[in-house]
Number of protein chains: 2
Amino acid sequence: MPPSTPRAPAKASGLDCRLAVLGADVRLTPHRREVFDVLAASTDHPTAYDILDRVKSRAPHISLATVYNCLEHLTTHGLIKQVHLERGQSRYCANLHEHVHFHCETCGKVIDAHPATDFDPAKFWNLPKGTRVTRTDLAIHGTCDACAAKS
Amino acid sequence: MPPSTPRAPAKASGLDCRLAVLGADVRLTPHRREVFDVLAASTDHPTAYDILDRVKSRAPHISLATVYNCLEHLTTHGLIKQVHLERGQSRYCANLHEHVHFHCETCGKVIDAHPATDFDPAKFWNLPKGTRVTRTDLAIHGTCDACAAKS
DNA sequence: ATTAGAATTGGAATGATTCTAAATGGAACG
DNA sequence: CGTTCCATTTAGAATCATTCCAATTCTAAT
């Protein structure tokens, strides 16, 4: 018995919630919410495993697969950003302000750096005519203050 | 019978050669030379597999492990650069001039873009005092000319 | 209550890379 | 010129991060 009308996607409920970000209305299940909250409370650019560990204290039965699913959902909806500084694990970041990443090659720490002045990549690099830019990722590698002081 | 004096590492020979780059003296075995030559002749930022394919036409018995070894040796000695634009395979680049990478999210193509004017990241982003910068990686993501024209 | 779609799960599968232990090859020593 | 030493090379195993998959659970609309 096929239904006569297509069913709309599930809407918000008591256990469910939504978050308006960048004009988009994003559906957050409890797990997605936990993952988002953990990331929003972190400034250290955790990996999926780090996030799993932290979320487990609030939702002990969450699985790694779910953490990946949630991170993917949050990323595609623009609530968080996925960061690739080196090969290996992806890192995640809930800072949506314009910023770049400083990566300490000695201790591995990642620090957000915010713009001191306006920056438009097209002004600095000769891109072929007709190129459309959607986003830029700048990673600055070096030695952080603390590691530099030690050596 | 332990030798009384330590033996120096093997020196250059007829089959062997060296290349002076950035003041460093880098030992190149025939395989390393092939890998370097293939990469130097490529502008498409090939992956390790791509490089294996291309080197095979000149050295049919080379293995993937050797390609990885060579790429690692060449990278640590500064003859080539490893590029991470997304997660997945690393790409390699023999362009040592200052440049950034434009990545087309539609066709996957990677294009080198050279600076139109001088660029110093420290001028644009507030890094913590004491931070030492060794290198910056800028990836510009978007749609290339050809893909933009199609849509 | 029923049902359909979405979310979640554990575990299997995949893909890229790194590791390992054995084989090879050239150079210096005798 | 043969031996020894060590770097290089190799095939295949192991690892690591992630993605896939099929089964189960949940939620919200009928």
Side-chain angles (χ1 to χ4, degrees), chain A residues 1-18 26-36 46-53 55-56 58-77 82-92, chain B residues 1-18 26-36 46-53 55-56 58-77 82-92:
Chain A
M1 60 200 83
S4 51
T5 49
R7 189 179 298 261
K11 293 293 185 326
S13 77
L15 280 173
D16 196 1
C17 68
R18 280 157 180 276
V26 182
R27 176 146 179 270
L28 292 189
T29 61
H31 279 164
R32 288 176 187 166
R33 176 96 225 178
E34 296 285 1
V35 168
F36 179 76
T47 64
Y49 276 87
D50 296 335
I51 293 166
L52 176 65
D53 280 346
V55 169
K56 266 185 172 164
R58 292 160 151 258
H61 298 305
I62 195 168
S63 74
L64 181 59
T66 299
V67 170
Y68 272 111
N69 287 342
C70 292
L71 289 169
E72 213 241 310
H73 181 90
L74 294 169
T75 302
T76 58
H77 287 83
Q82 199 178 27
V83 182
H84 299 123
L85 290 164
E86 342 166 69
R87 92 161 305 284
Q89 299 170 82
S90 297
R91 297 171 164 278
Y92 298 86
Chain B
M1 60 199 84
S4 51
T5 49
R7 188 181 300 263
K11 293 293 182 330
S13 75
L15 281 173
D16 197 359
C17 69
R18 280 156 181 277
V26 182
R27 177 144 180 270
L28 292 189
T29 61
H31 279 164
R32 288 177 187 165
R33 176 96 227 176
E34 296 284 1
V35 167
F36 179 77
T47 64
Y49 276 87
D50 295 335
I51 293 166
L52 176 65
D53 279 346
V55 169
K56 265 186 174 163
R58 291 158 152 260
H61 299 304
I62 196 169
S63 74
L64 179 60
T66 299
V67 170
Y68 273 110
N69 287 343
C70 293
L71 289 170
E72 213 240 310
H73 180 90
L74 294 169
T75 302
T76 58
H77 288 82
Q82 199 178 27
V83 182
H84 299 123
L85 291 163
E86 343 165 68
R87 93 160 305 283
Q89 297 170 83
S90 297
R91 296 172 165 277
Y92 298 86

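A note on names: the letters A, B, ... follow the listed sequences, proteins ahead of strands, and every chain is numbered from 1.
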Undergrad: Show the distances under 3.5 angstrom between N or O atoms of the protein and N or O atoms of nucleotides 20-23 of chain C.
TA:
none

Undergrad: Measure from OH on B/Y92 to P on C/dA16 and round the result to the nearest Å.
TA: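 Atom-to-atom, B/Y92 to C/dA16, this comes out as 12 Å.
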Undergrad: According to a strict under-4.0 Å criterion, is A/R87 in side-chain N/O contact with OP1 or OP2 of C/dA16?
TA: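 Answer is no, no contact under 4.0 Å.
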Undergrad: A/R58: what forms a salt bridge (charged side-chain N to carboxylate O under 4.0 Å, His left out) with it, not counting sequence neighbours?
TA: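 Per chain and number, A/R58 pairs via salt bridge (charged side-chain N to carboxylate O under 4.0 Å, His left out) with A/E34.
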Undergrad: Taking only residues two or more places apart in sequence, or in another chain, which ones meet A/Q82 in a side chain to side chain contact (heavy atoms under 4.5 Å, CB included)?
TA: A/T75, A/H84, A/S90, A/Y92
Undergrad: Specify the separation, in whole Å, of atom CG of B/D53 and atom C1' of C/dA16.
TA: 15 Å
Undergrad: Nearest 0.5 Å, please: how far is CZ in B/R32 from NE2 in B/H77?
TA: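 So the gap between those two atoms works out to 7.5 Å.
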Undergrad: Starting the side chain at C-beta, find the nucleotide from D/dT9, C/dT17, C/dT8 nearest to A/C70.
TA: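 My answer, after comparing the listed nucleotides, is C/dT8.
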Undergrad: With sequence neighbours left out, what residues match A/D50 under side chain to side chain contact (heavy atoms under 4.5 Å, CB included)?
TA: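 Counting only residues at least two positions away or on another chain, A/D50 forms a side chain to side chain contact (heavy atoms under 4.5 Å, CB included) with A/P46, A/T47, A/R54.
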Undergrad: By nearest nucleotide on DNA chain C, pick out whichever of A/T66 and B/Y49 is the more 5' one.
TA: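 Upstream on the strand: A/T66.
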Undergrad: Looking at C/dA6, I'd like to know if its phosphate oxygens (OP1 or OP2) sit under 4.0 Å from a side-chain N or O belonging to A/T29.
TA: no
Undergrad: Which pairs pass salt bridge (charged side-chain N to carboxylate O under 4.0 Å, His left out) with one or both residues in residues 65-77 of chain A, sequence neighbours excluded?
TA: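 Counting only pairs at least two positions apart or across chains, no salt bridge (charged side-chain N to carboxylate O under 4.0 Å, His left out) contact touches residues 65-77 of chain A.
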Undergrad: Does A/S63 have a side-chain nitrogen or oxygen under 4.0 Å from the phosphate oxygens OP1 or OP2 of C/dG10?
TA: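 Answer yes for this pair, as a side-chain N or O of A/S63 is under 4.0 Å from OP1 or OP2.
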Undergrad: State which residues pass side chain to side chain donor-acceptor pair (under 3.5 Å) with B/S63; sequence neighbours excluded, sorted by chain then number.
TA: B/T66
Undergrad: For A/H31 and D/dC26, is the shortest distance between a side-chain N/O and OP1 or OP2 below 4.0 Å?
TA: no
